[in-house]
Every structure is written in C-alpha cells, then in structure tokens.
Student: 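Right, I'll just put the structure down here and ask away after.
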Amino acid sequence: MVHKIHAEINKVYFIKKYTLVHILKGTGKIQVDFKSYEDWHEKAIYLEKGQYIKFLSDDFVVRFIEFPDEILFKSKDVRILFKHLISLGYINFNECKDCQAFLDSTIFSDKMSNLIDISTDQWYWQNPFQANKEEYQVIFDVKDIIDAEFSKNINTTALIHHMVHTHYNVQHLVKDKLGISISKLVHNKQHLESKKEVAFTDKSIQEIAYDQGYKDPAYFNRVFKNRVGQTPKQFRDNFDYENRDLFMQDLMGLIKQFHKEEHALGFYADEMNISVKALSKKVKQKMNTSLGQLIRSQLILSAKEMLKEDVQVKDVAYALGFEEANHFSSFFAHHTGATPSDFRN
C-alpha cells in the first residue's frame, strides 16, 4: 500500500506495518523513537512495526510505502533495513541509481520485493558498521533476542547462551562493530520501551514498571529520571502526545521566519515571552535538542537551498546575517564537513 501526505507538524505517525518512509520534500528535523534527526531529504527510512515518526516542520511531503509481511521475511537479510541498531537506518538515494529509478515509478505495488532487494544491496554497499554479511547476521541475531527478551532483564551471559551455533566471540564482535556492549544494547531497548509506555499509554507508572520487569516502581522512577533527566510523569506531560502543544510549533515558525536576521537565543525567548533558560529547558525536554541547534539547523538548510541555486557564497553569507563571508564559510564547514563551494560542486 502506498500513500502520500502533507505531514502535520508534531503529529505522531505510528508505524503499523513494515514501512519505507520516502521524504519527497521538506526541511528541518524529523523525530523517530524520541531521537531527532536532520537533513533527511532524498533518503529512504525503513521503519518496523511499533516505531513512530514525527515531522518537526510544516512543509514535509512524505510517501509511506507499506510492505506485506510475507515479502519481508523471505530472507534474514531484510532485518538490516528495519531493525536499527544504534541509530536510524537509511538508504542514501544519491548513491543508489536503482533506488531512484524504482521510486520514480508511480506503479510498483507488484514489485515490492524488488524494492527490498535493491535497498538491501545498497545497505550492504554503504556498510555502515564495516562488517561482512556473516558478521551482520550474528549481530542482528543478537538484536532479535534482545527484542524478544528485554523485559525479562536478560543479561549478556544468558543472551550468548541462545547463540550456541556461532563460532564468533559475540561480545567482542558487537563491541568492535557497533562501539557499544551487548548490555548497553539491552539497556537501550528497555529504555526506549519504557519511554513509549510512558508517552503513549494511560497506564499508571507502577503498572509500567512491573510490565518492564521492575519489581520496585520507585527504583524504576529513579532509573528513568537518571536516563531521561525527568521523572516518568514529567516526561509524559512534556511529550504531550494527546494535545500536541502548539508552543513548539510557534517556536519553529519563529525560527523559520527570522533565522536569517536573528541568531541570538534571547530574541526567540522574548518573542515567546519566556526566559532563555526556561525556553532552552523546554526545547530540550520536548525535542531532545538545543535551541541553538534548531537555529543553526535552519541556517544550514537555507544555505544549502541558496547554494543549490548557484547564489554566490558571499551573497549567501550576507543573506543569512553573517558580517563576513569567511565567517559563514567556517560555520558551514564546521556543521556540514564541507565548504560552501565543495557542497555546491
């Protein structure tokens, strides 16, 4: 099933089937499972059942491509697209001409498996963790076990016991390729599911604690606050799933309108009738990023749009409120890894 939408800002879109999210148009950040990401134009984001996505700007046009289960599980290779390990997985269209050609077609419902095969090949070519195919399958076997057993407080020893048929040192492989331990992967999964239960259900905190394998709700509260910086109740109130607080929508509108001439945090705090400290705290709680980063991200997006239109670097700099072109060039290179001229080329 394929459908295209103009995404509503700050709305939670729950993924009920294995889905490819194709961003056709849009600027700004997206949020997936409480993490914010930017610069996702022309990337294919594969999401599995139970995940969610939010669009933190009002100009996103998005295509959702849903896959039937029988296509997905014909091969274990499919896991690499949907089961994200430590960050959000994606396919870079700019490096995949076959992907671009396939998605340019408006009629492909009978060729869903082809899209999966093309994307899988591209993912292995990108090889984000510098592993071979056999090593990836061992790593994703670990992920499968964690997904199934996390609420039972499975430890590393018990998990490895499930993997008696591999000759790899599983602990070393995961740490070497992902940069984190198996126990950290387990904790990350427990943490994510706890946040989902708090944000998206009306269960009591005590009930959630027991569901997540905690015998003492008070201990769950302490662990949650240490990890998130807020109590479960504070997190639930600030995430504001049901009401979709317009405060952040108003702030993002201000940043889009004034970012070219106003770079100071104080300007936006004054416009929102709140102190800089209070605004910064609220942004951190609601969007898991900083106010300064929101402004910088919008500056980078505007700069990229102008550079793609062959506007001279010095003119881009002045249009974005930089007094000197070299200051803008340093800013752009620091945040993108490329000079303005290199980006345009």
Student: Of all heavy-atom pairs between Arg344 and Val313, which one has the smallest distance, and what is that distance?
Tutor: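 Looking at all heavy atoms of both residues, the closest pair is NH2-CG2, 3.9 Å.
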Student: Would you say NZ of Lys281 has more than 12 non-hydrogen atoms from neighbouring residues, nucleotides or ligands within 6.0 angstrom?
Tutor: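 Open.
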Student: If you measure from the Lys or Arg side-chain nitrogens to the Asp or Glu carboxylate oxygens, is any gap between Lys308 and Glu305 under 4.0 Å?
Tutor: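 Answer for the salt bridge query: no.
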Student: Less than 4.5 Å apart, side chain to side chain, heavy atoms only: is that true for Ile65 and Val21?
Tutor: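 With C-beta onward as the side chain, the pair stays apart.
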Student: Could you tell me which residues satisfy side-chain hydrogen bond (donor to acceptor under 3.5 Å, both in side chains) with Tyr268, sequence neighbours excluded, listed by chain and number?
Tutor: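 side-chain hydrogen bond (donor to acceptor under 3.5 Å, both in side chains) list for Tyr268, sorted by chain: empty.
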Student: Regarding Thr339 and Ser341, is there a side-chain donor-to-acceptor distance under 3.5 Å anywhere?
Tutor: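 No, no side-chain donor-acceptor contact under 3.5 Å.
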Student: For the backbone of Glu66 and the side chain of His3, can you confirm whether one donor and one acceptor N or O come within less than 3.5 Å of each other?
Tutor: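 Side chain of His3 to backbone of Glu66, a donor-acceptor pair under 3.5 Å: no, none is there.
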Student: Starting at NE2 of His187, measure out to CZ of Arg227 and round the result to the nearest 0.5 Å.
Tutor: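 That separation rounds to 6.0 Å.
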Student: State, to 0.1 Å, how close Tyr136 and Gln130 come at their nearest heavy-atom pair, and which atoms those are.
Tutor: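 For Tyr136 and Gln130, the tightest heavy-atom pair comes out as OH-N, 3.6 Å.
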Student: Please indicate whether Lys203 has more than 12 foreign heavy atoms, meaning atoms of other residues, nucleotides or ligands, lying under 6.0 Å from its NZ.
Tutor: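 It does: Lys203 NZ has more than 12 such atoms within range.
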Student: Verify the cluster assignment for Trp125 and Leu85: are they in a single hydrophobic cluster under the rule of side-chain heavy atoms below 4.5 Å apart?
Tutor: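 The answer is no; the residues belong to distinct hydrophobic clusters.
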Student: Indicate whether the side chain of Asp237 and that of Gln230 have a donor and an acceptor atom separated by less than 3.5 Å.
Tutor: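 Judged by distance alone, the side chains do not pair up.
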Student: Treating Ile, Leu, Val, Met, Phe, Trp and Tyr as nodes and any side-chain heavy-atom pair under 4.5 angstrom as an edge, say whether Phe343 and Tyr318 lie in one connected cluster.
Tutor: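 No.
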Student: Drop me the distance from Ile5's CD1 to Glu8's CD, to the nearest 0.5 angstrom.
Tutor: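 The CD1 atom of Ile5 sits 8.0 Å away from the CD atom of Glu8.
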Student: Would you check if Phe64 and Val2 make a side-chain contact, meaning some heavy-atom pair closer than 4.5 Å?
Tutor: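 No. Closest side-chain heavy atoms not under 4.5 Å.
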Student: Working to the nearest 0.5 angstrom, can you tell me the gap between His84 NE2 and Glu48 CD?
Tutor: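 The CD atom of Glu48 is 7.5 Å from NE2 of His84, to the nearest 0.5 Å.
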Student: Centres of the Phe224 and Tyr219 rings: under 6.0 Å?
Tutor: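 Distance test on ring centres: not under 6.0 Å, no.
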Student: Counting only heavy atoms not in Lys189, do more than 12 fall under 6.0 Å of its NZ?
Tutor: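 Atom NZ in Lys189 is packed in, count exceeds 12.
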Student: Less than 4.5 Å apart, any side-chain heavy atom of Ser181 and any of Lys184?
Tutor: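 A side-chain contact under 4.5 Å exists here.
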Student: Between CD1 of Ile208 and CD of Glu193, what distance do you get to the nearest 0.5 Å?
Tutor: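 Those atoms lie 11.5 Å apart.
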Student: Looking only at non-hydrogen atoms, find the nearest pair between Leu47 and Ile53 and report the distance.
Tutor: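 Shortest heavy-atom contact: CD1-CB, 4.1 Å.
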Student: Please walk me through it: do Ile15 and Lys49 pass side chain to side chain contact (heavy atoms under 4.5 Å, CB included)?
Tutor: CA-CA 5 Å; Ile15 304 302; Lys49 295 178 184 179; 5.6 Å; no
Student: So Leu320 and Ser302, side chain to side chain contact (heavy atoms under 4.5 Å, CB included) or not? Walk me through it.
Tutor: CA-CA 8 Å; Leu320 295 180; Ser302 294; 3.9 Å; yes
Student: Measure from the side-chain N and O atoms of Glu309 to the backbone N and O of Met306, and report whether any donor-acceptor pair falls under 3.5 Å.
Tutor: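 No; judged by distance alone, with no hydrogens or angles, the pair does not exist.
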Student: How long is the span from the NE2 atom in His263 to the CD atom in Gln298, to the nearest 0.5 Å?
Tutor: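 Taking NE2 in His263 and CD in Gln298, the distance rounds to 11.0 Å.
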Student: With no hydrogens and no angle check, do the side chains of Tyr52 and Gln31 hold a donor and an acceptor under 3.5 Å apart?
Tutor: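 Present: a donor and an acceptor within the cut-off.
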Student: Using a 4.5 Å cut-off on heavy atoms from C-beta on, say whether the side chain of Leu81 contacts that of Ile116.
Tutor: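 They are in side-chain contact.
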Student: Is there side-chain contact between Leu265 and Ile295, with at least one heavy-atom pair below 4.5 Å?
Tutor: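 SC-SC contact between Leu265 and Ile295 confirmed.
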Student: If you look at every heavy atom in Pro232 and Ile205, which pair is closest and at what distance?
Tutor: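 Answer, listing the atom of Pro232 first, then Ile205: CB-CD1, 3.6 Å.
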Student: Please check: side-chain N/O of Arg79 versus main-chain N/O of Gln137, any donor-acceptor pairing under 3.5 Å?
Tutor: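 Present.
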Student: Arg296 and Phe331: side chain to side chain contact (heavy atoms under 4.5 Å, CB included), yes or no, with the steps?
Tutor: CA-CA 9 Å; Arg296 289 190 291 272; Phe331 167 84; 3.9 Å; yes
Student: Between Tyr18 and Phe82, is the ring pair (Phe, Tyr, Trp, His ring centres under 6.0 Å) condition met? List the steps.
Tutor: CA-CA 8 Å; Tyr18 293 89; Phe82 292 94; 5.3 Å; yes
Student: Near His335 NE2, under 6.0 Å, is it more than 12 heavy atoms from other residues, nucleotides or ligands?
Tutor: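 Check passes, neighbour count above 12.
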Student: Do Lys83 and Phe140 meet the cation-pi criteria used here (NZ or CZ under 6.0 Å from the six-membered ring centre, within 45° of the axis)?
Tutor: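 Negative - Lys83 is either too far from the ring of Phe140 or too far off its axis.
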Student: Just checking Glu261: does its CD atom have more than 12 heavy atoms from other residues, nucleotides or ligands closer to it than 6.0 angstrom?
Tutor: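 Check passes, neighbour count above 12.
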Student: For a 4.5 angstrom cut-off between non-hydrogen side-chain atoms, does Lys54 reach Asn10?
Tutor: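 Sidechains of Asn10 and Lys54: in contact.
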Student: Return yes if some donor-acceptor pair links the side-chain N/O of Arg236 with the main-chain N/O of Val198 below 3.5 Å, else return no.
Tutor: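 Between the backbone of Val198 and the side chain of Arg236 there is a qualifying donor-acceptor contact (under 3.5 Å).
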Student: Would Phe322 and His327 count as a close aromatic pair, with their ring centres under 6.0 Å?
Tutor: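 No: the rings miss the under 6.0 Å criterion.
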Student: Cation over ring, Lys25 on Phe60, under 6.0 Å and within 45°?
Tutor: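 The answer is no, since Lys25 fails at least one limit relative to Phe60.
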Student: State whether the side chain of Gln234 and the backbone N or O of Thr231 hold a donor-acceptor pair below 3.5 Å, judged by distance alone.
Tutor: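 A pair under 3.5 Å: yes.
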Student: Any idea which heavy atoms bring Ala317 and Ala325 closest together, and the distance?
Tutor: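 Looking at all heavy atoms of both residues, the shortest contact is CB-CA, 3.7 Å.
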Student: Do Ile146 and Asn188 come close enough that some side-chain heavy atom pair is under 4.5 Å?
Tutor: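 No, their side chains stay 4.5 Å or more apart.
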Student: Can you see whether Ser119 engages Tyr46 through a side-chain donor-acceptor pair at a distance of less than 3.5 angstrom?
Tutor: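 There is such a pair (donor and acceptor under 3.5 Å, judged by atom type) between the side chains of Ser119 and Tyr46.
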Student: More than 12 foreign heavy atoms under 6.0 Å from OH of Tyr210: is that the case here?
Tutor: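 For Tyr210, atom OH is crowded (more than 12 foreign heavy atoms under 6.0 Å).
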Student: Are Ser194 and Gln190 linked by a side-chain donor-acceptor pair shorter than 3.5 Å?
Tutor: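 Per modelled atom types, Ser194 and Gln190 side chains form no pair under 3.5 Å.
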Student: Is there a donor-acceptor pair closer than 3.5 Å between any side-chain N or O of Asp342 and the backbone N or O of Ala338?
Tutor: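 Checked: no pair found.
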Student: Would you indicate whether Asp202, at its atom CG, is surrounded by more than 12 heavy atoms from other residues, nucleotides or ligands within a distance under 6.0 Å?
Tutor: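 Not buried by this count: 12 neighbours or fewer within 6.0 Å.
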Student: Under 4.5 Å between any side-chain heavy atoms of Leu178 and Leu185, yes or no?
Tutor: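 In short, these two side chains touch, coming nearer than 4.5 Å.
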Student: Ignoring hydrogens and geometry, is there a side-chain-to-backbone donor-acceptor pair from Asn127 to Trp123 under 3.5 Å?
Tutor: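 No.
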Student: Any ion pair linking Asp33 and Lys195 (charged N to carboxylate O, less than 4.0 Å)?
Tutor: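 Not counted as a salt bridge, because no side-chain N and carboxylate O are separated by less than 4.0 Å.
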Student: Give the minimum heavy-atom separation between Ser275 and Ala269, together with the two atoms involved.
Tutor: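 What the structure gives for the nearest pair is C-CB, 3.9 Å.
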Student: Do the side chain of His162 and the main chain of Leu159 share a donor and acceptor less than 3.5 angstrom apart?
Tutor: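 Judged by distance alone, no pair lies under 3.5 Å.
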Student: Before giving the answer on side chain to side chain contact (heavy atoms under 4.5 Å, CB included), spell out for Lys35 and Leu88 the whole-Å C-alpha distance, their side-chain angles and the decisive distance to 0.1 Å.
Tutor: CA-CA 9 Å; Lys35 291 183 179 180; Leu88 185 60; over 6 Å; no
Student: State whether the side chain of His259 and the backbone N or O of Ile255 hold a donor-acceptor pair below 3.5 Å, judged by distance alone.
Tutor: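 Yes, because the side chain of His259 sits within donor-acceptor range (under 3.5 Å) of the backbone of Ile255.
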Student: Would you say His334 has more than 12 foreign heavy atoms packed within less than 6.0 Å of its NE2?
Tutor: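 Incorrect, the count does not exceed 12.
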Student: Atom NE2 in His22, atom CD1 in Ile45: separation rounded to 0.5 Å?
Tutor: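 Rounded to the nearest 0.5 Å, the NE2-CD1 separation comes out at 10.0 Å.
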